[in-house]
Amino acid sequence: MRSILRSLLFNSRKNVKANVNKIVSVLNDITKERLIVQGTILHGHLIKTGISSQKHIAVKLLIMYLKSRKPKEIGQMLKEFDGFNLVVHNCLITANLEWGKMDEARRLFDEMPERNEVSWTAIISGFLRFGRVDEAICYFERNPFQNLFSWTATISGLVQNGLSFKAMKLFVEMLQSGVIPNNVTFTSVMRACGELSDFYLGTCVLGLIVKVGFEHDLSVSNSLITFNLRLNDVVSARRIFDRMQCRDVVSWTAILDMYVQMGDLAEARRVFDEMPERNEVSWSTMISRYSQNGDAEEAVNLFHRMVQQGYKPNKSCFASVVSALASLEALITGRIVHGQILKIGIERDAFIGSSLVDLYCKCGSSKDGRVAFDSILEKNVVCWNSMVSGYSLNNQLEEAKELFDKIPQKNNISWNSLITGYLEYEKFDEVFEVFSDMLLSGEQPSKSTFSSVICACASLASLERGKNLHGKVIKLGFHSDVFVDTALLDMYAKSGNVESSKKIFKRMPKRNEISWTAMIQGLAENGFAEEALAVFEEFEWTKSITPNELILLAVLFACSHCGLVDKGLHYFNSMEKVYHMQPNARHYTCVVDMLSRSGRLSEAEKFILDMPCEPEVQAWAALLSGCKTYRNERMAVRVAEKISELAEKHPEGYVLLSNVYASAGRWLDVLHTRKEMKEKGLKKSGGCSWIEVRNQLHSFYSQDGSHSESTEIYEVLELLRSEMQLI
DNA sequence: TTAGGGTTAG
């Protein structure tokens, strides 16, 4: 394009005059790429050569200024158009549509003294672009120039509005009226067949395409690829691609996306690297897919490469890369990219805004997130949801609820975002309350909703409620979802119903590392530690998932609880050697607990002292507990001293300390420890047990009379006791 | 007048 521009600028006056068509094409490109500086230079040159008032060129210049919103130049140009008002009117209508001023465009149209086929097509496609389908159809029916263009514009507009069936009906009417479709019509109609997932209809249209002679057309072939992909016919899509005489960036991007959707990111990357030509969309596809597939780092790398190679990222690209940065919690890079977004001036876009909200909230700054949210011009439900989950993430649950109540049109994710917030911060009553409000509002709970609510049941070991939800899950057919199944198996395991838990685990069609961890932990916690280790061995056989820190913690826990000390030590040592992961303080605590439980106290003490990281107070507590069981008072004193150093912040250390003194009969020390705790204002959250009766949770704390009906409860207990004595 | 790409929850 630039070379054409240069040749035009330096060509003689005669040559320029001979090249009106070429100039029109250059002006089209300038307008498309928003190169207003070059456009103004060219305009100056055209004035000098006296060609600027040529009708076709003047119209293109006007459109260029209209699209760049240059009011001064627009006014100047309009003065030159006394002779051909109709064309100017059409340009103004198009420009107003571009600016989102549909009603202004309609006013201009209605006031026109005469209209041509361009005016009618422009206003019809305008209505369709703004989703005003009924008005579009009304104007289409009134249109005296029902030509190929207006048929095609209406059909494609209907498809874009998701009304593919209506579009197909109109296509049939078009054929009946004798108008022959062109490549654009076929492209839209093929898309409609794809949206309807109608193979038969697609085949009929394909026959027509061949008959009319468009089967080798570039855009028609591209739409045929997409049609086949839509129907999951990967082989046909690839065949069409391979047989194409010429391919453009759209064809390559479609085939690239095919591999991405098949989950073959490596092949997609190969296609991407081999593509002869790339544009922002191809980059955008690759970036977004990496981001969606959890490889945020690669998404960001590609973004940097794209910028380095001189491509200008568009809205989609920015939205994807900001989303990737959000999952990496990369605040600094995020702020730099935000700066670029502000420079281009697209921060008010709903897609960009939502991902910015997400970025700041995931980095812990809901304040910045709120600023980004407030600046979005037309907020859609995703923007609202991002902000609600942003508040939820940052434990600002009141703000989350307040904003949630203001969402104009909530969807499933709005409810889920709020529920997740309450779940994360253990507000279980609110989880159930919002869930019940959701059902009352008529919103269908999704798999995600169930997995969260069942998780709440697991935390409360609320078996009855959990069973009830399990029933609903089966009814709705959500029981083969990996998240729902994992939540269910965890709920059963935490409620002590290991058999049901195992049943679900065995039936799961797909498992992730959380499912395996929940099963291993569940078995270990319920006393089936050897079975837990057998499940871990089975996990190792699968080889499809690499073990993570949590799963090894569950394994160590299992070993510790069935006295398999050497096996436990073996797993602990293989963490670095075999699995290449650094054990953290919790793994060390687990090993200390394991050694202390089996009486290997000196080994445990040495293990703590040799630790490369700061031991948790729980590690010392585990050792102290071992000292108590195996009556090693000398070590207990040493450990107790260590704990009392750490106990400032950890009240559970003091409690343990006083228990050790109590078991040794050192009552003065007990009193002293308790007094110290009281003086320092430390309070250990009291132990609590609970029972669920008819969906109502009854909690009992260690002090008497904590339950509202405790007098009656004790009376019944007394009655039972006396009856038992009678027997 | 067309074909390929985007943001949020588990």
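Below, read A as the first sequence line, B as the second, and so on, with proteins coming before strands; counting in each chain starts at 1.
- Here the P atom of nucleotide B/dA3 and the CZ atom of A/F214 are 16 Å apart, to the nearest Å.
- At B/dT8, none of the side-chain N or O atoms of A/K410 fall inside 4.0 Å of OP1 or OP2 (strictly under the cut-off).
- At B/dG6, none of the side-chain N or O atoms of A/S355 fall inside 4.0 Å of OP1 or OP2 (strictly under the cut-off).
- Residue contacts shown for A/N279 include a base, since a base heavy atom lies under 4.0 Å away.
- In the interface, the side chain of A/S219 is paired with the base of B/dT2 through a donor and an acceptor atom under 3.5 Å apart.
- Rounded to a whole Å, the CD1 atom of A/I287 is 12 Å from the P atom of B/dT7.
- Contact check on A/D257 versus A/R289 returns a salt bridge, with a Lys/Arg side-chain nitrogen under 4.0 Å from an Asp/Glu carboxylate oxygen.
- One can place CZ of A/F140 at 12 Å from C1' of B/dT1, the figure rounded to the nearest angstrom.
- Contact check for A/F505 versus A/R511: side-chain heavy atoms found under the 4.5 Å cut-off.
- Looking at heavy-atom distances under 4.0 Å, A/Q292 makes contact with sugar-phosphate atoms alone, never a base.
- Within 4.0 Å (heavy atoms only), A/A350 reaches at least one base atom of the nucleic acid.
- Among the atoms of the strands shown, only primed sugar atoms or phosphate atoms (P, OP1, OP2) are found under 4.0 Å from some heavy atom of A/S386.
- Both tests pass for A/R278 against the ring of A/F272: distance under 6.0 Å to the centre and angle within 45° of the axis.
- Taking atom CH2 of residue A/W283 and atom P of nucleotide B/dG6, one finds them 17 Å apart after rounding to whole Å.
- Between the C1' atom of B/dT1 and the CG atom of A/N90 lies a distance of 15 Å, rounded to the nearest Å.
- Residue A/D481 is in base contact, counting any heavy-atom pair closer than 4.0 Å across all strands shown.
- For A/K379 and B/dT8, the NZ to C1' distance is 15 Å, given to the nearest whole Å.
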* To do: Report the C-alpha separation of A/F171 and A/W151 in whole Å, then their side-chain angles, then the decisive distance to 0.1 Å, and conclude whether the ring-ring contact (aromatic ring centres under 6.0 Å, His included) test is met.
  => CA-CA 8 Å; A/F171 178 63; A/W151 279 106; 9.5 Å; no
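- Remark: A/Q160 is not in phosphate contact with B/dT1, judged by side-chain N or O atoms under 4.0 Å from OP1 or OP2.
- Side chain A/D248 to base B/dG4: no donor-acceptor pair is found below 3.5 Å.
- Distance CG (A/L148) to C1' (B/dT2): 12 Å, rounded to an integer number of Å.
- In the model, A/D217 has no side-chain atom that pairs as donor or acceptor with a side-chain atom of A/N222 under 3.5 Å.
- Contact annotation for A/V249: base contact, defined as any heavy-atom pair under 4.0 Å involving a base atom.
- The CD1-P distance, from A/I419 to B/dG10, rounds to 12 Å in whole Å.
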